[in-house]
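First comes the structure, then the notes that go with it.
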Amino acid sequence: MEKEMEMGRSRIASFTLAGLVALLLASPDADARERQERARMGAPKSGHAERSVTRTRPDGTTRTSSHDSTWQRGDGKYSRDTVHTGPGGKTATTHDEVQRTEDGYTRATTHTGPNGGVTTRNATGGYDPATKTWTKDVTRTNPNGSTATTHVDGQRTDDGYTKTSTHTGPQGGVTTRSATGAYDPDTKTWTREKVVTRPDGSTAKTDVTTKVTPEAPDPALAE
């Protein structure tokens, strides 16, 4: 159940920040997007969303979970409260707050699991349109009090981006990720490469090629 809820939270988190990420990390016309985003965020709004997910196992049995969210937005702020209900009827809750800053955003998330364990995640991100660079710092505190941190540096290039991240786990192990992405407008093709170096020094490399039709999307980051 925890795994399913974690996947649900990840999807909701991605949806929650879609507008901000597009502003900070994607658009080549950052100033125009920033003005549009400020105008959009300035209008108070609220809403409610329900989502049900059913997964079928190899043996044919199914597991259904639901996610019930309420959100509100205005004055440069965004907040969301979600109740996750697992297949066994146990519930967990997530509270998410995003605040726009002069050059980026701050985000605070508190998740209370079905057994009462509390996990917090605090993040700050910023974008410099003059240098076309962005940074993000994340601190996660687990229910047992242990912490993990992640630092990300990104750079827009003429045809894509470069990105490096350093993750320090609760036991002090360090994992680094280096990623590059480039778009070829002639072939309408994205090429992405990611290299992960684990705490034990071992590495893994991933190469992805994506053909886009009819038009290129905004540059997407290799996670």
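Keep in mind that this is a model prediction, so the values were computed, not measured.
- Side chain of D200 to backbone of S202: a donor-acceptor contact under 3.5 angstrom is found.
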Quiz item: Hey, mind stepping through Y105 and K136 against side chain to side chain contact (heavy atoms under 4.5 Å, CB included) and telling me if it holds?
Solution: CA-CA 9 Å; Y105 70 93; K136 182 170 72 172; 3.3 Å; yes
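- Closest of all the heavy-atom pairs between H48 and W71 is N-NE1, 3.9 Å.
- K211 pairs by the side chain to side chain contact (heavy atoms under 4.5 Å, CB included) definition with T189, not counting sequence neighbours.
- Although no hydrogens or angles enter the test, the distance criterion places a donor-acceptor pair under 3.5 Å between the side chain of N144 and the main chain of S146.
- Judged by distance alone, with hydrogens and angles left aside, the side-chain atoms of T85 form no donor-acceptor pair with the main-chain N or O of G89 at under 3.5 Å.
- Ring-plane geometry between W190 and Y161 is classed as tilted, the angle between the planes lying from 30 to 60 degrees on a 0 to 90 degree scale.
- Between E193 and K205, at least one side-chain N (NZ, or NE/NH1/NH2) sits under 4.0 Å from a carboxylate O, which counts as a salt bridge.
- A donor-acceptor contact shorter than 3.5 Å links the side chain of H111 to the backbone of T93.
- Between R192 and D207 there is no salt bridge, since no side-chain N of the basic residue sits under 4.0 Å from a carboxylate O of the acidic one.
- Summarising the geometry of Q99 relative to G76, their closest heavy-atom pair is NE2-O, 3.5 Å, with the distance given to 0.1 Å.
- The two residues K132 and Q155 come nearest to each other via the heavy atoms O-NE2, 3.4 Å.
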Pairs of donor and acceptor atoms involving the side chains of residues 167-176, under 3.5 Å and at least two apart or interchain, shall be tabulated with distances.
{"residue": "H167", "atom": "ND1", "partner": "T149", "partner atom": "O", "Å": "3.3"}
{"residue": "H167", "atom": "ND1", "partner": "T150", "partner atom": "OG1", "Å": "2.8"}

